[in-house]
Asker: 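One structure is given below, represented as structure tokens, and several questions about it will come after.
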Amino acid sequence: MTSALVLRRAGPGLTLQDGGRTGFFAQGISPGGAVDRLALIEAAALLGCEAGDAVLEMAGVGGLFEARGDLRVALTGAPMRASLNGEPLEWNACHRLREGDTLDIGAAQAGIFGYLALGGGIDVANVMGSRSTHLLAGIGRRLGEGDRLDAGSDPRPERTGLRLEPGARFAGGTVRLIEGPQTRLFDSGTRERFIATAFRRDPRGNRQGARLLFDGEPFRVAGQLDIVSEIITAGDVQIAGDGSPFVLMPECQTIGGYPRIASVVPDDLAIVAQAAPGTVLRFEFIDAAAALDDYRRRRTAGHDLARRVRPLVRDPASIPDLLGYQLISGATAGEDLR
Amino acid sequence: MISQLGLSGMLVSFADRLDEAANRAAIAFRARVEDERIPGIEESATSLASVFLRFDPMSMDHHRLRASLEALLAERDWLAAPLPHGRRLWRIPVCFEGAHGPQLAQAAELAGLEPDQAIAELTAARTRVLTIGFAPGQPYLGILPPHWNIPRQTELTRSVPEGALTVAVRQFVLFAVTSPTGWRQVGRTAFRCFRADADPPFRLRPGDEVRFEAIGAAAFERILAHDGDGTGGAVAEAIE
């Protein structure tokens, strides 16, 4: 029988996500997928699974899960308060669950989006090339009490008890931008003020976009309300009608009428997505060629995962088969997540 | 004009404003790029007056793609390109009455018209699908006469329903999903632009033409009640 996690209590923002759905942009469907792509790569490294597997994305708070059969879970992304049968459970780690175990995942302690992955992935229908829920397109739905997460066939059921040093992205900081088609519609004074401004994450934000707050005059270009509607993509920084920036997330629309001052590079989008309300964000422009070099370097280096994955229990005597963990081969370059 | 759009995208723009020839150019140029099958290009799309190309950032870069696109741009006068083959004319019933057209009077006033005149003009216009986007299968339709160049609202309407017919900047948007918007809702259709379980899931294509036909609230309710496939009483015929 298929192992599964059954939801006994569900937070309000639980959806299944993977690396997204490409090929339907011309029909108005943005790629979607997990807002924190690094969390997918980290979960796959912990489990030794494919980085393209479907995982559970949890916005702000998780839920109460009951294990049906034996399975492995990995917990990545925003660290959330977690316990297994009442005992505290380490985040950024993979764990074994047995039939009847109760996994309780509470509120995020830093960041916003936490991820729960299963060994073998979550078995859910592939719709138009992806298993990700796209609420805007009406593909999939939010999960609730009573829903089941069926585990796929686990390729490495013995591999467990690993932890990982997470990539930094839960405390705001500087976010890299590259120029886009409308950057120069903003005069140089406005662009300089944008770079000099300390923004704070507004509580308003979801899988489509994140609004930023700041002190000072609204950011403006001339003729803002009758600009021609244009293609928009995840990472674009739109200046909304009230003059405040809105950073587009993976489930954004595909066309928008507000001007965009720049685009956040893909590897920094999680810094914005994971910025809890009030977190300070600053921006800097980098050259597109330099941004491409950095993007390629990170993937060629496999996101340093081989170095970051470690045994969960630090006393080697308690791990009889330490050599069997194959720390290196669990790493993935994440190419299938692009 | 060619510009970078994000780390893995390029945008080829034929105009910086709404323009019929630029829209034709975008549709034709996208077809040409698809036909060329440039290695490293993963996806393409058109907007009102431009073509978007998404590429694989591991194997392609903005600089090299720009060179390929410039060569294709030089092949012909794209602004003189014809419309694509296989276009259709759609006639879609729309109800402008009461709560179905909550901002009709406001939009009419901005266009300098009485509501009755506005309905007459909006149903007389034979509009074209300029692009599909924002939400699945959702058309931008135009180009309406110059006095319909009314701005979007500064404040968003919290929600318009699926099927809402909205107007701004000389265009209609026929909403595919329930959504917030800055466009003003003048009517409502029962036409569903996207159904994930249908084949094909998307109804309209860039280049298709659309005429809206006014119906009363009672007729609209009848269509909604008996409309199993989301056609909304619309009919389509081939053009030419």
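Quick note on labels: first sequence line is chain A, next is B, and so on, each numbered from 1. What you see is a predicted model, and the numbers here were worked out from it, not measured in a lab. Excluded from the calculations below are hydrogen atoms, water molecules and symmetry mates; all remaining heavy atoms, backbone and side chain alike, are included.
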Asker: Do you know which of Val177(B), Leu5(B), Ile2(B) has the most heavy-atom pairs with chain A at a distance under 4.5 angstrom?
Answerer: Leu5(B)

Asker: Identify the heavy atoms of Phe202(B) and Met128(A) that sit nearest to each other, and give their distance.
Answerer: CZ-CE, 3.9 Å

Asker: Chain B heavy atoms under 4.5 Å from Gln182(A): which part of the residue, side chain, backbone, both or neither?
Answerer: neither

Asker: Among Met60(B), Gln138(B), Arg195(B), single out the residue with the greatest number of heavy-atom pairs under 4.5 Å to chain A.
Answerer: Met60(B)

Asker: Quick one: does any side-chain atom of Glu230(A) pair with a main-chain N or O of Ser47(B) as donor and acceptor, under 3.5 Å?
Answerer: no

Asker: Working to the nearest 0.5 Å, report the span between OG1 of Thr22(A) and CZ of Arg54(B).
Answerer: 5.0 Å

Asker: Please report the interatomic distance NE2(His63(B)) to CG(Leu292(A)), rounded to the nearest 0.5 Å.
Answerer: 12.5 Å

Asker: Of the listed residues (Ile132(B), Leu18(B), Leu7(B)), which shares the most heavy-atom pairs with chain A below a 4.5 Å separation?
Answerer: Leu7(B)

Asker: Give me the atom names and distance for the closest heavy-atom approach of Ala26(A) to Ser44(B).
Answerer: CB-O, 3.6 Å

Asker: Quick one: do the Arg152(B) and Ser229(A) side chains pair a donor with an acceptor below 3.5 Å?
Answerer: yes

Asker: Is the backbone of Gly23(A) close enough, under 3.5 Å, to the side chain of Glu43(B) for a donor and an acceptor to pair up by distance?
Answerer: yes

Asker: Quick one: list whatever passes salt bridge (Lys or Arg N to Asp or Glu O under 4.0 Å) with Asp123(A), sequence neighbours left out.
Answerer: none

Asker: Determine which pairs satisfy salt bridge (charged side-chain N to carboxylate O under 4.0 Å, His left out) with at least one residue from residues 8-23 of chain B, sequence neighbours left out, and list them in order.
Answerer: Arg17(B)-Asp19(B), Glu20(B)-Arg24(B), Glu20(B)-Arg128(B)

Asker: Considering only heavy atoms, which portion of Thr254(A) lies under 4.5 Å from any heavy atom of chain B: side chain, backbone, both, or neither?
Answerer: both

Asker: Just how far is it from atom CD1 of Ile232(A) to atom CZ of Phe52(B), taken to the nearest 0.5 Å?
Answerer: 11.0 Å

Asker: Could you report the tightest heavy-atom contact between Ile255(A) and Gly133(B), atom names first, then the distance?
Answerer: CD1-CA, 3.8 Å

Asker: Ser8(B) versus chain A, heavy atoms under 4.5 Å apart: side chain, backbone, both or neither?
Answerer: neither

Asker: Could you state the interatomic distance from CD (Gln4(B)) to CD1 (Ile178(A)), rounded to the nearest 0.5 Å?
Answerer: 5.0 Å

